[in-house]
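Inspection log for the structure reproduced underneath, given as structure tokens.
Throughout, protein chains are lettered first and strands after them, A, B, ... in sequence-line order, and every chain is numbered starting at 1.
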Protein chains: 2
Amino acid sequence: MSRPTMNDVARTAGVSLKTVSRVVNGEPTVTPDLAARVRAAVETLDYRPHLGASLLRRNDRRTRMIGVLLEDVSNPFSGVLHRAIEEEAHARGVHVLTGSLGEDERRERELARAFRQRQTDGLIIAPTGSDQTYLSRFTGTPIVFVDRQPSGFLADTVVSTNVAGAAVAVRHLAAHGHRRIAFLGDNQRIPTARERFRGYLQALGHRPGPVVHELRGEAAAERATIALLRRADPPTALFTSQNLITIGAVRALRRLDRHRSVALVGFDDFPLADLLEPAVTVVAQHPARIGRVAAGALFERIDGHDGPPREIRVATTLIARGSGEIFATGN
Amino acid sequence: MSRPTMNDVARTAGVSLKTVSRVVNGEPTVTPDLAARVRAAVETLDYRPHLGASLLRRNDRRTRMIGVLLEDVSNPFSGVLHRAIEEEAHARGVHVLTGSLGEDERRERELARAFRQRQTDGLIIAPTGSDQTYLSRFTGTPIVFVDRQPSGFLADTVVSTNVAGAAVAVRHLAAHGHRRIAFLGDNQRIPTARERFRGYLQALGHRPGPVVHELRGEAAAERATIALLRRADPPTALFTSQNLITIGAVRALRRLDRHRSVALVGFDDFPLADLLEPAVTVVAQHPARIGRVAAGALFERIDGHDGPPREIRVATTLIARGSGEIFATGN
DNA sequence: ATGAAAGCGCTAACAA
DNA sequence: TTGTTAGCGCTTTCAT
């Protein structure tokens, strides 16, 4: 025998199907006596309502399920973001479908489509692709972007104050006497990455130091840093615009035994940054806050809010720990 | 106007509803001409099949969705586990519902029930509660446990070789001359935690050093370590049985400036362990492998495999980095 | 307060 | 190859 239906419950309780439906859905218009009998039948049959069937017939077509697309659920920034979103959802009795995108544009599109097809009430996306035009067909599904803003499609977006944060980092280095401050960054097609570069340029007036873009991952950042420090005229300080790049740079400085002489400020905090020698100065983002705000915005939209797309900026915080307070040596 | 249905598509394409169904489901028995007309109609109407309705009628009641319950999606071990599971699922066209449990037993039960109610094809659970008896009612939903084995309910379980791994760690310390090796551990109601303690005892014959259990989180571990080292007869080496505890211990050693004199081996690796001073020796678990294996086992069950519950052990690896190779000083 | 009937969007079983 | 009919498990609407 298969799973019991409302009909089975009705039969064993000796009531009509509709009465069972009323009890299950907590409608108040049922006599306590009948309600008790229904609940007993539910118990003995181990009845569980079929959410899909209920959804099919309901007017209020909410699945109470949202989709979250992140760069990689195993990286610390995404993890904290994810957790914060999950908490907000949990508080509303909403479940979360999760997907990691890596750098795969196609996977972003496919997962977004697939999640929507599952009738998720809304989507939170940290876009990895360089074009989100495909989302314009997603009518009826609220979308909020986090961490990176979209291209070719407009919706609520929650991101850090990248320009200001990067500028603060670079000015901090300049204040410690540095004149040749290198920029190490990643994919410049991503608006967020461009903003951080802009902050760097802004802070240095128009006298930038050496610049390296398109660094993918720790290893690439380590190699690039080594190359930079072996140049004839090496930088005395580094600004790394992303956490994996920061870690790569730390490894490079260690290998060259320059970690006590070359200053470093990274964008985005990471676990144990405070336990390294020297501890790493960063401009911290607040992924938990970003997640909370993004989830809040999404649920507002789901609940019918219909204003124009908002861009919400979350402030960053400079955390001086040592690596950024190394002074420039004479040159 | 609302979302188009198969009927709408049928009407605009001038065919029967069933023909549309055939095209949408890729059944081969449709003339190219009709199929093309259907696809055109799908395109112009922006039709998307309603998964819920389809599920309701199908014989093969697969949602192609699994549920994953983890301790905390924002901790690195869980994150890597999660990603590995997601990759296996993705390869099979399956989506993942995720939930974090913290230390909340009730949340475990509630989420497991809720996910099952959503007709997830199976569940992967890193149990936080001390009793999984409630799962015995979950007939028809395959379950696999990861990281920690269940109590009161039996199912496939994928865990590290905790006893052996802990013993290796402790013997490694003993081999460096240590005789007073402390154990710092967490919740002893969790079988996994007990196993690690057992490995510790096993390695020391019956001459254990100081033992502290029930440490919850980094801060507690830090305090406990400080207290331990201030005793009259302090340990010369520490075995920390979990990654947050290891980090707490590192902080304590730093604060007391004993990080170069007291040896430390931790159970479970963590990011940047190799960049600390001294780099932290660990018995590494392999969360990615655990995740892959667990997902594999779950999908086997979903595909109908019906053997007895299996306990699958994943080996650990000692990674000597420095902190575990500090020799005992005369005493 | 309770129930009967209709139908949500789709697929199974069968017929043409 | 195509179409017709019934019905998945539930909620709606309308009657009682």
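At D/dG3, one or more side-chain N or O atoms of B/Ser16 fall inside 4.0 Å of OP1 or OP2 (strictly under the cut-off). Residue A/Arg58 places at least one side-chain N or O under 4.0 Å from the OP1 or OP2 atom of D/dT11.
Between A/Arg11 atom CZ and D/dC10 atom C1' there is a gap of 15 Å when expressed in whole angstrom units. Rounded to a whole Å, the CG atom of A/Leu51 is 13 Å from the C1' atom of D/dT11. Rounded to an integer number of Å, the gap from CD of A/Gln117 to P of C/dG9 is 15 Å. In this structure, the CG atom of B/Leu55 is 10 Å from the C1' atom of C/dC10, given to the nearest Å. To the nearest angstrom, P of C/dC8 lies 16 Å from CD of A/Gln119. Rounded to whole Å, the distance from CZ on B/Arg3 to P on C/dG9 is 9 Å. If you take NE2 of B/His50 and P of D/dC10, they are 15 Å apart, rounded to a whole angstrom. For the pair B/Arg48 CZ and C/dG9 C1', the interatomic distance rounds to 13 Å; values are reported in whole Å.
Across all strands, B/Asn7 comes closer than 4.0 Å to no nucleic acid atom at all (heavy-atom distances). Among the heavy atoms of the strands lying under 4.0 Å from B/Asn25 are primed sugar atoms or P, OP1, OP2 only; no base atom is included.
When each of B/Arg57 and B/Thr29 is assigned the nucleotide of DNA chain D bearing its nearest heavy atom, the one mapping closer to the 5' terminus is B/Thr29.
Using a 4.5 Å cut-off on side-chain heavy atoms (C-beta onward), B/Leu97 and A/Met65 make contact.
Ion pair B/Arg301/B/Asp156 flagged as a salt bridge, since at least one NZ, NE, NH1 or NH2 atom sits closer than 4.0 Å to an Asp/Glu carboxylate oxygen. The pair A/Glu71-B/Arg83 does not meet the salt-bridge criterion, since no charged nitrogen lies less than 4.0 angstrom from a carboxylate oxygen. By the 4.0 Å N-to-carboxylate-O rule, B/Glu110 lies too far from B/Arg116 to be salt-bridged with it.
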Checking ring pair (Phe, Tyr, Trp, His ring centres under 6.0 Å) for the pair B/His90/B/His95: CA distance, chi angles, key distance, verdict?
CA-CA 7 Å; B/His90 182 74; B/His95 295 149; 8.0 Å; no
Please report the C-alpha distance between B/Gln149 and B/Thr157 in whole Å, then the side-chain angles of each, then the deciding distance to 0.1 Å, and finally whether the side-chain hydrogen bond (donor to acceptor under 3.5 Å, both in side chains) criterion is met.
CA-CA 6 Å; B/Gln149 46 277 77; B/Thr157 303; over 6 Å; no
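Which of D/dC10, C/dG9, C/dT2 sits closest to the side chain of B/Ala53 comes down to C/dG9.
Of all the residues in residues 17-24 of chain B, B/Leu17, B/Lys18, B/Ser21 reach under 4.0 Å from DNA chain C with at least one non-hydrogen atom.
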For residues 48-56 of chain A, dump all side-chain donor-acceptor pairs below 3.5 Å to protein atoms at least two apart in sequence or in another chain.
unit_1  : atom_1 : unit_2  : atom_2 : d
A/His50 : ND1    : A/Gly52 : N      : 3.2
A/His50 : ND1    : A/Ala53 : N      : 2.9
A/Ser54 : OG     : A/Arg58 : NE     : 3.2

